[in-house]
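All chains are named by letter (A, B, ...) in the order of the sequence lines, taking the proteins before the strands, and each is independently numbered beginning at 1.
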Protein chains: 2
Amino acid sequence: MAKNADYQRIENPFAAPGHDHSSCIVSALDGAEATCARRGERLTPLRRQVLELVWRGHRPVGAYDLLALLQDERGRVAPPTIYRALEFLCDQGLVHRLDSLQAFIGCGHPGSHDEEHHHAAHFLICQECGLAVEMRDGQLDGAINGLAGRAGFTIADETVEISGLCAECQG
Amino acid sequence: MAKNADYQRIENPFAAPGHDHSSCIVSALDGAEATCARRGERLTPLRRQVLELVWRGHRPVGAYDLLALLQDERGRVAPPTIYRALEFLCDQGLVHRLDSLQAFIGCGHPGSHDEEHHHAAHFLICQECGLAVEMRDGQLDGAINGLAGRAGFTIADETVEISGLCAECQG
DNA sequence: TTCATGATGTTATATTATATCATTTCAGAA
DNA sequence: TTCTGAAATGATATAATATAACATCATGAA
């Protein structure tokens with residue numbers, strides 16, 4: 001219950017009455033600026049603009065949807081433009097790609113950008129409302145690491161995407 | 001150690017000296033026949049042939065690779081043919097799609113086809129040798145279910161694909 | 001300034017997947 | 001057995017996602 005409340009408050013801004021999305025975007029962008037500055041990476045105007053478009057919602061967005069949004073603001077833009085920006089943002093861990101949806105979403109855990117660039121991201125994805133929330137769970141991390149360890153397997157990358165119905169969309 | 005040995009013996013036929021792949025294919029096909037018969041589903045010659053092609057290796061195969069293999073045996077065949085066969089096989093849980101690779105692999109757990117059609121499949125994928133092994137782990141299942149349960153989330157589908165280096169490919 | 005590097009623009013194309021409608025096959029009803 | 005409706009397959013076209021290759025531009029260091 002308490003966990004569920006946290007889940008809504010922190011991760012589910014659309015269901016949380018108090019969510020101020022414009023400040024949410026601003027803080028994501030500010031965090032990205034800081035992260036890139038610290039690393040000596042360049043968050044160029046284009047990359048920043050794409051990140052802003054990704055953050056328009058807390059739902060996954062397709063590359064070609066982003067392309068269309070970018071075209072609204074910049075006139076004709078070709079696919080490589082958006083894909084290169086997304087590649088950079090994913091490399092920096094500022095955006096994640098959801099393989100099961102072939103779509104992209106802003107990273108919900110900006111705090112984790114220091115040590116690890118593209119940290120492991122685990123998602124719950126609601127098939128009804130489209131919301132995708134990034135989860136952190138020690139037990140899950142432990143299970144994955146344990147499983148891999150026992151197999152002598154060294155993890156490079158994790159795709160963990162659980163689809164179904166969120167609490168709000170049941171019934 | 002014991003776990004790792006099991007992992008190799010059961011799941012990693014290329015590393016297991018005793019692996020008889022032709023009998024492995026036969027048992028996969030026999031199992032599929034039995035499963036479909038029990039359900040009143042039709043494992044047609046085409047579907048059976050596609051399943052056989054999927055089982056040529058224990059590595060993920062792209063739909064268009066399968067299409068090419070099928071064309072070698074049948075002359076000109078169009079994409080919908082292979083996709084429809086794969087859709088059927090995935091629905092029956094005889095094949096899994098690896099979202100992180102956009103590829104398909106034979107299901108390594110034929111025993112689980114009774115209750116659940118497309119059961120949850122969790123993979124370790126070696127980026128070096130390309131081997132993908134389907135894992136079953138109670139702790140992992142527990143962690144996922146616990147996480148979802150606490151969020152009030154009802155699971156419909158799981159994509160869990162851990163990429164990295166298998167024991168044989170380290171160093 | 002000049003140069004080297006990385007970022008972006010531009011064109012073309014690769015890769016993966018599906019919509020649509022025609023035709024065939026097959027199991028069960030008559 | 002033949003008929004028939006549903007499912008499976010064939011065939012054509014196209015959608016959706018992504019990358020290769022090369023030209024141009026911007027930026028910062030020497």
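The side chain of B/R84 contributes no N or O atom lying less than 4.0 Å from OP1 or OP2 of D/dA8. At the phosphate of C/dT8, neither OP1 nor OP2 sits under 4.0 Å from any side-chain N or O atom of A/T81. OP1 or OP2 of D/dG10 sits under 4.0 Å from a side-chain N or O of B/R74. Remark: B/T44 is not in phosphate contact with C/dT25, judged by side-chain N or O atoms under 4.0 Å from OP1 or OP2. A/R47 has a side-chain polar atom (N or O) that falls below the 4.0 Å cut-off from OP1 or OP2 of C/dT8. Residue A/Y83 places at least one side-chain N or O under 4.0 Å from the OP1 or OP2 atom of D/dA18.
Here the straight-line distance linking atom CZ of B/F104 with atom CG of B/L66 works out to 8.0 Å at 0.5 Å rounding. Summarising the geometry, atom CG belonging to B/L89 is positioned 11.5 Å from atom CZ belonging to B/R48; distances are rounded to the nearest 0.5 Å. Note that CG of A/L51 and CG of A/L94 are 6.0 Å apart. Values are rounded to the nearest 0.5 Å.
Atoms CZ (A/F104) and P (D/dT17) sit 10 Å apart, rounded to a whole Å. One atom, CD of A/Q49, and another, C1' of C/dA7, lie 15 Å apart when rounded to the nearest Å. Separating the CG atom of A/L101 from the P atom of C/dT16 is a distance of 19 Å, rounded to the nearest angstrom. If you measure from atom CG of B/L67 to atom P of C/dT18, you get 14 Å, rounded to the nearest angstrom. Separating the CD1 atom of B/I82 from the C1' atom of C/dT16 is a distance of 13 Å, rounded to the nearest angstrom. Atom CD in A/E87 sits roughly 12 Å away from atom C1' in C/dA7 (whole-Å rounding). Look at CD on A/Q92: it is 14 Å from C1' on C/dG6, rounded to the nearest Å. Atoms CZ (B/R76) and P (D/dA11) sit 10 Å apart, rounded to a whole Å.
When only modelled atom types and interatomic distance are considered, B/Q92 and B/R47 share no side-chain donor-acceptor pair under 3.5 Å.
One donor-acceptor pair, N or O on each side, does fall under 3.5 Å between the base of C/dA17 and the side chain of B/Y64.
Remark on DNA chain C: of its neighbouring residues B/R42 and B/A103, the 5'-side contact belongs to B/A103, judged by nearest-heavy-atom nucleotide. Each of B/G62 and A/L46 was assigned the nucleotide of DNA chain C with the nearest heavy atom; the assignment lying further toward the 5' end belongs to A/L46.
For B/P80, counting side-chain heavy atoms from C-beta on, the closest listed nucleotide (D/dT17, C/dA7, C/dA19) is C/dA19.
Heavy atoms from other residues, nucleotides or ligands lying under 6.0 Å from CD of A/E128 number 12 at most.
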